[in-house]
Protein chains: 2
Amino acid sequence: MLSKSEENYLKAIFHLSVKTEKGISTNAIAQQLDTKASSVTDMVKKLSEKGLVLYVKYHGVTLTDKGEKIAANVIRKHRLWEVLLVQKFNFNWDEVHEVAEQLEHIHSKKLINEMDAFLGFPKHDPHGDPIPDKDGNINFLEKSLLSTIGVNMKAVCIGVKDTSSDFLRYLDKQEIALGKEITVLEKEAFDNSMLIRIGANEFTISQQIATNIYVKNKE
Amino acid sequence: MLSKSEENYLKAIFHLSVKTEKGISTNAIAQQLDTKASSVTDMVKKLSEKGLVLYVKYHGVTLTDKGEKIAANVIRKHRLWEVLLVQKFNFNWDEVHEVAEQLEHIHSKKLINEMDAFLGFPKHDPHGDPIPDKDGNINFLEKSLLSTIGVNMKAVCIGVKDTSSDFLRYLDKQEIALGKEITVLEKEAFDNSMLIRIGANEFTISQQIATNIYVKNKE
DNA sequence: TCAAATTTTTAGACTAACCTAAAAATAAAT
DNA sequence: ATTTATTTTTAGGTTAGTCTAAAAATTTGA
């Protein structure tokens, strides 16, 4: 049974690996986990001895199949807990992260599988991120940033990149939510801000906002 | 914020305090937590410095109001989680303990209060033990051991003393469950076994069984 | 009451996970 | 290509929580 800390390292490496093909650097992991590079070196050695990562000194880390499966399972648990909190316990999507960080380390296969069934086998967490299945497979769906959508095009909001409370509460305030259709009305060349329509509302969003919303093109 | 270990010590002291008025001995705590007396001494010193227990060297420990409230809250969480597992996640009452031991250390007031509401503010856990309220008050209801019930008397099963899987599965097999009416038909003076009736079934139970079932007298 | 048995505490050591500071290796840049 | 900057590792130290073994206090009992 892995410790909470070991699980957090595997999860961090997993998330960093999504963007890069190369080995994950010590510093990148340290940054992700808000810890020091020396601590990372220690832990990575341990994970390597346990056969969960491939580690070549000075050349970064990669997850083994075994490590990847464990990481995916931690993420599966995190995201299923988030769904439970939002759907059953009246949590807002900006309130779930901290608690899910704790809950993801609860060890009980029965618990997580029953919860999955109880929730109707959800495919995505409250932020639109895919939930890995029992075997650790993730269904990465294709998604674009809202900022890349052309004028007069329509798109459906399917996720968020930033999951900070500030950002999510901004979206709540503007009534931007998963599943909502967004029409791009104008783009301002100077600052890349956009005029968009959601339902009956029209308003302007900054580039920073537009680069943190994932959408699916609507034909 | 207390550590898991500190919370477990407070919980152990709380449980031991129910039976005794005196200070709880180092050895008793060590036995309860399956640890060594020297470890207990160390931890008890720390809890004392934090104002959670009163500790006089060589003379045992008592919870302060603050410590008692925290302990009751851990127990509240443990028992609410057990209800969730049984009522929503198809756990049997002999399967909940291990997972609840983990879940009781999750820190989130909102989570536990929402869960309480979601479950309809249950008063008892799946073993019949009372669930402390938000302020740490426990409603100790009066209960007798089945072994003390006289011949030809009726009683309702309201709890169990032993919560081991073996015992609980025995009760399942015999269809003894919370809320069931039990009639004592005969008592054997030699070994204190009893012949009882539950519904249409009549069978004999040993003294060991009878001293682990809590009942409420029926007039 | 005072010696023996028991309980409790102290002293010192261990592990996991972290840290700082210095050394070593790699990468960047003139 | 060799100096400079950056990254990574090593060395040694800290804290929480545990342990063993020995010392101290309390309790038991003849």
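Chain letters run A, B, ... following the sequence lines, proteins first, then strands; residues in each count from 1.
Nucleic acid contact for B:K4: none, since no nucleic acid atom lies under 4.0 Å from a heavy atom of the residue. Note on B:T26: only backbone sugar-phosphate atoms sit closer than 4.0 angstrom, heavy atoms only; bases stay farther off. Base engagement by B:T41 is indicated by at least one non-hydrogen atom pair under 4.0 Å involving a base atom. Across all strands, B:S38 comes closer than 4.0 Å to base atoms (heavy-atom distances).
An OP1 or OP2 oxygen of D:dT10 is reached within less than 4.0 angstrom by a side-chain nitrogen or oxygen of A:K45. Applying the 4.0 Å criterion to OP1 and OP2 of C:dT8, one finds that B:Y55 has every side-chain N and O outside that range. Put simply, A:S25 has no side-chain N or O that comes within less than 4.0 Å of OP1 or OP2 on D:dT7. Contact annotation: A:Y9 does not reach the phosphate of C:dA16 (side-chain N/O to OP1 or OP2, under 4.0 Å). Proximity of B:K57 to the phosphate of D:dT26: no side-chain N or O atom is located under 4.0 Å from OP1 or OP2. Listed pair B:N27 / C:dT6 fails the phosphate criterion, with no side-chain N or O lying under 4.0 Å from OP1 or OP2.
Between the CG atom of A:D34 and the P atom of C:dC18 there is a distance of 11 Å, rounded to whole Å. The distance from atom CG of A:D42 to atom C1' of C:dT15 is 13 Å, rounded to the nearest whole Å. Per the geometry, CE belonging to A:M43 stands 17 Å off C1' belonging to D:dT8, to the nearest Å. What separates CD of A:E49 from P of C:dA16 is a distance of 11 Å, to the nearest Å. Rounding to whole angstrom units, CD1 of residue A:I24 and P of D:dT7 are separated by 15 Å. Between the NZ atom of B:K36 and the P atom of C:dT6 there is a distance of 17 Å, rounded to whole Å.
Remark: side-chain polar atoms of A:K187 are paired, donor with acceptor, to backbone N or O of A:I149 under 3.5 angstrom.
Comparing D:dT8, D:dT18, C:dT9 against the side chain of B:Y58 picks out C:dT9 as the nearest. Nearest nucleotide to the side chain of A:H59, out of C:dT26, D:dT27, D:dC19: C:dT26.
No option in B:D133, B:D129, B:D116 other than B:D116 meets the salt bridge (charged side-chain N to carboxylate O under 4.0 Å, His left out) test with B:R76.
A:K143 forms a cation-pi arrangement with A:Y214, by the criterion of a distance under 6.0 Å to the ring centre and an angle within 45° of the ring axis.
Rounded to the nearest 0.5 Å, atoms CZ (A:F91) and CD (A:E82) are 11.0 Å apart.
The minimum heavy-atom distance between B:D94 and B:S165, with the atom names listed, is O-OG, 3.0 Å.
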